[in-house]
Protein chains: 2
Amino acid sequence: MSKSRDVGDHSGPQRPPTIIDLARESGVSKSTVSRVLNGNLNVSESARTLVLAAMIKLDYQMNSAARSLRTERSHLVGLVMPGIKHVFYSSTAEVLERELQKVGISLLIASSGGTAEGEVLAINSLRSHGADAFILSLVNENDARTVVTLQSIRQQVLLLDRDVPKVVGDKVLIDPRRGVNESIEHLVSLGHTKIALITHGTFVRPGREVKSCFEEALAQRGLTPAAEVLLEFEDVSSQIGWTATEVILKSGATAILALGPSSVTAGVLNYLTWNGLRFPDDISVIVYDETELSSAMKPGLTAIIRPLEEYACLAANLVISRFSDSEAEQRVLTVPTQLMVRDSTGRVKSKAKISRAKQLQ
Amino acid sequence: MSKSRDVGDHSGPQRPPTIIDLARESGVSKSTVSRVLNGNLNVSESARTLVLAAMIKLDYQMNSAARSLRTERSHLVGLVMPGIKHVFYSSTAEVLERELQKVGISLLIASSGGTAEGEVLAINSLRSHGADAFILSLVNENDARTVVTLQSIRQQVLLLDRDVPKVVGDKVLIDPRRGVNESIEHLVSLGHTKIALITHGTFVRPGREVKSCFEEALAQRGLTPAAEVLLEFEDVSSQIGWTATEVILKSGATAILALGPSSVTAGVLNYLTWNGLRFPDDISVIVYDETELSSAMKPGLTAIIRPLEEYACLAANLVISRFSDSEAEQRVLTVPTQLMVRDSTGRVKSKAKISRAKQLQ
DNA sequence: TTGTATGCGTTATCAG
DNA sequence: CTGATAACGCATACAA
């Protein structure tokens, strides 16, 4: 019964105003203030205007900690990614942030650093900050620590282009099939038969999917991969791209699908240009997406386009909708990819011509 | 006096365990539990081990809302940037996140979208989510709405490479002087006298600083700018870079300092390569930083390097340190830039040679 | 339509 | 060293 600041106490303008201050200022009770703040209909117009006036007069800001404590909702969503630095992830994050912002949700980010330990740490950090939901691009779908952590979570989980059957949650997936099919068709029509692939490791869905689509598309045409390089998340440096390309070229490949992280793709291009191999003349290259890199290069880069905007929007809205309808069944949404032909793919050249081209440099 | 769940109530394992559950489980009072959780020294070893055991047994997770309500600290820091998509911002965010994570602080992100209105919205959104501090790269240092909003904030404010005298807060600034000086010196030594600049508008510090350093460096050598293009944050597209380059070339410039957003720089390179202008043969180009773009391009791009890691680390640690010592005087930290000469800068060619080069393409 | 009373989970004060 | 107890600001069931 000892309301300390309920009435009176005209001392400190130091502390931020609370609904009690609003109540005193507008001459109603704090319940009425609360009702106005939450848009409750059962409140007289006069009371409402009074409270609203007090609200702007005192520059009232809701105390989110108090509200969260009471309602058990923080309006915070956590995003875990290998890193936020690379354009694919940062673009996704930007769209997610924008979409969530629209409904008053803020985005909490945490990088796993590309390791499973970092991932668990990131998840727990976000959890300890009270995130209502988690959006995750895992580094490894099989890591037991991550899976266990995810299973022990009460909040909703959404996987971004990842598939962990043991974890309940919605998923937004990228289907590389069309893009890869069109790529192979395109390359084969240009005479290529020795085609190489760089992609993620098979412990994440994108790696598995791309690999299998690639192999299937080749098989349909009686071909086999010239080379395949599967990447770990730990080493997504351009150095890896460089050495991978070195290996691939030894296989005699005349075309490369560089469908890994952008830093690796940069390494591929790096190796090619710095070794005097010009595309499409000496080798054909297909990369992911339309980036600053791919548009600034002289031969525009033929690319498999991932519908990034749609991908992230779907994810955001899935998360949002589940807040209202928490018991809906698990949903899996898939977005397609497609090939955009530019100038880094061309007719295959004979070995002799390639050698000559190299010497000319 | 009606403790509902203080004792007994073995009903629901549904709700997450609280310190009361820990207290019951370990046979001590919740005060002692709280002490253990906060590392308070005044607690017996026996009690501590008891509580710790209960903690892992029940998989206890601190309720951050309750703690925040009580301590008035959320351990959340808000980051406001024009957008998170571009590599400079996303890299900064990544480093900030990593450094803050080390001391248990999570990063809340909000994009302003490059507009002043969006900026105010972003700040208020973060504020409503209880951020303890704000790290900001403003879009416009002069916008009254933003300034007023910032002034009305109780939390600490840190400006990233921005300078708003009317706002109290620490600052971490990038000093372009050395990098720009070295660039001009380098270019002049190669015979260039007509040098153009692309940078931010003068309503943000980077724009002002780069512009004045550029002009001073030229003046010291008896030169004047061949052209200057100042950018708005609203239009940081590669299209702008393209048209800007078109304009600049008409001025007869033989060298371009492209020191704006990376998308604009991409547009510059785009224009040059697609119009058959090769660097350094036809024109010299200096860009910002070492990016995937600049390392993958064939002539490696000469660049002014900003110490991004240091920049973000300083910012993070400034924020962290001010939490302990909130009344310290305002601090302004500055990080230097420097030129890294690669291959996109070379001896100036005569007009005739440039024309010939263009025709050869 | 409005006010009163209670509890959310935590920290902090104060008495033992 | 420990335990009881009072806030923190808000939402809400219930009474009026």
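All heavy atoms count here, side chains included; hydrogens, waters and symmetry mates do not. Throughout, a chain's letter reflects where its sequence line sits, starting with A, and its residues are numbered from 1.
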query: Among residues 43-50 of chain B, which contact DNA chain D at a heavy-atom distance under 4.0 Å?
result: Val43(B), Ser44(B), Ala47(B)
- request: To the nearest 0.5 Å, tell me how far Ser321(A) OG sits from Arg331(A) CZ.
  value: 4.0 Å
- line: When rounded to whole Å, the CG to C1' distance for the pair Leu37(A) and dG9(D) reads 12 Å
query: Are Asn63(A) and dC8(D) close enough that a side-chain N or O sits under 4.0 Å from OP1 or OP2?
result: no
message: Closer than 4.0 angstrom, basic N to acidic O: yes or no for Arg154(B) and Glu72(B)?
response: no
- prompt: Got Val164(B) and Thr146(B) here, is their nearest side-chain heavy-atom distance under 4.5 Å?
  reply: no
- prompt: Looking for any heavy atom pair under 4.0 Å, which part of the strands does Asn42(A) touch: base, sugar-phosphate only, or nothing?
  reply: base
query: So what does Ser34(A) hit on the nucleic acid, given a heavy-atom distance under 4.0 Å: a base, only sugar-phosphate, or nothing?
result: base
task: Return the value, rounded to whole Å, for the distance between atom CG of Asn40(A) and atom C1' of dA11(D).
output: 11 Å
query: Met62(B) CE to dG9(C) P: how many Å, rounded?
result: 13 Å
- request: Starting at atom CD of Glu72(A), determine the distance to atom P of dT10(C), rounded to an integer number of angstrom.
  value: 12 Å
task: Please examine the side chains of Glu99(B) and Cys313(B), heavy atoms only from C-beta on, and report whether any two atoms are closer than 4.5 Å.
output: yes
query: Does a side-chain N or O from Ser29(A) land closer than 4.0 Å to OP1 or OP2 of dG3(C), or not?
result: yes
- prompt: Whole Å only: how far is the CZ atom of Arg70(B) from the P atom of dT10(C)?
  reply: 13 Å
query: About how many Å separate CG of Leu76(B) and CZ of Arg73(B), when rounded to the nearest 0.5 Å?
result: 10.5 Å
Test item: Asp132(A) side-chain N/O and His75(A) main-chain N/O as donor-acceptor pair under 3.5 Å: yes
message: A side-chain contact here means heavy atoms from C-beta on lying under 4.5 Å apart; do Thr92(A) and Met81(A) qualify?
response: yes
message: Just the rounded figure in Å: distance from P of dG9(C) to CZ of Arg24(B).
response: 12 Å
- prompt: Between Arg35(B) and Leu69(B), which is nearer to the 5' end of DNA chain C once each is assigned its nearest nucleotide?
  reply: Leu69(B)
- line: Ranking Gly27(B) and Tyr60(A) by the position along DNA chain D of their nearest nucleotide, the one closer to 5' is Gly27(B)
query: Between dA11(D), dC10(D), dT2(D), which one does the side chain of Ala66(A) approach most closely?
result: dC10(D)
statement: Testing dG3(D), dC10(D), dT5(D) for proximity to the side chain of Lys30(B), the answer is dT5(D)
query: When the distance from CZ of Arg73(A) to P of dC10(D) is rounded to whole Å, what number comes out?
result: 18 Å
message: What I'd like to find out is whether the side chain of Gln156(B) reaches to under 4.5 Å of the side chain of Val319(B), using heavy atoms alone.
response: yes
- prompt: dC8(D) phosphate, OP1 or OP2: any side-chain N/O from Arg15(A) under 4.0 angstrom?
  reply: no
query: dG3(C), dG9(D), dT10(C): which one has an atom nearest the side-chain heavy atoms of Ile19(B)?
result: dT10(C)
field: Euclidean distance, atom CG of residue Leu22(B) to atom C1' of dT11(C) [Å, nearest integer]
entry: 15 Å
query: Quick one: which of dG9(D), dT11(C), dT5(D) gets closest to the side chain of Ser31(B)?
result: dT5(D)
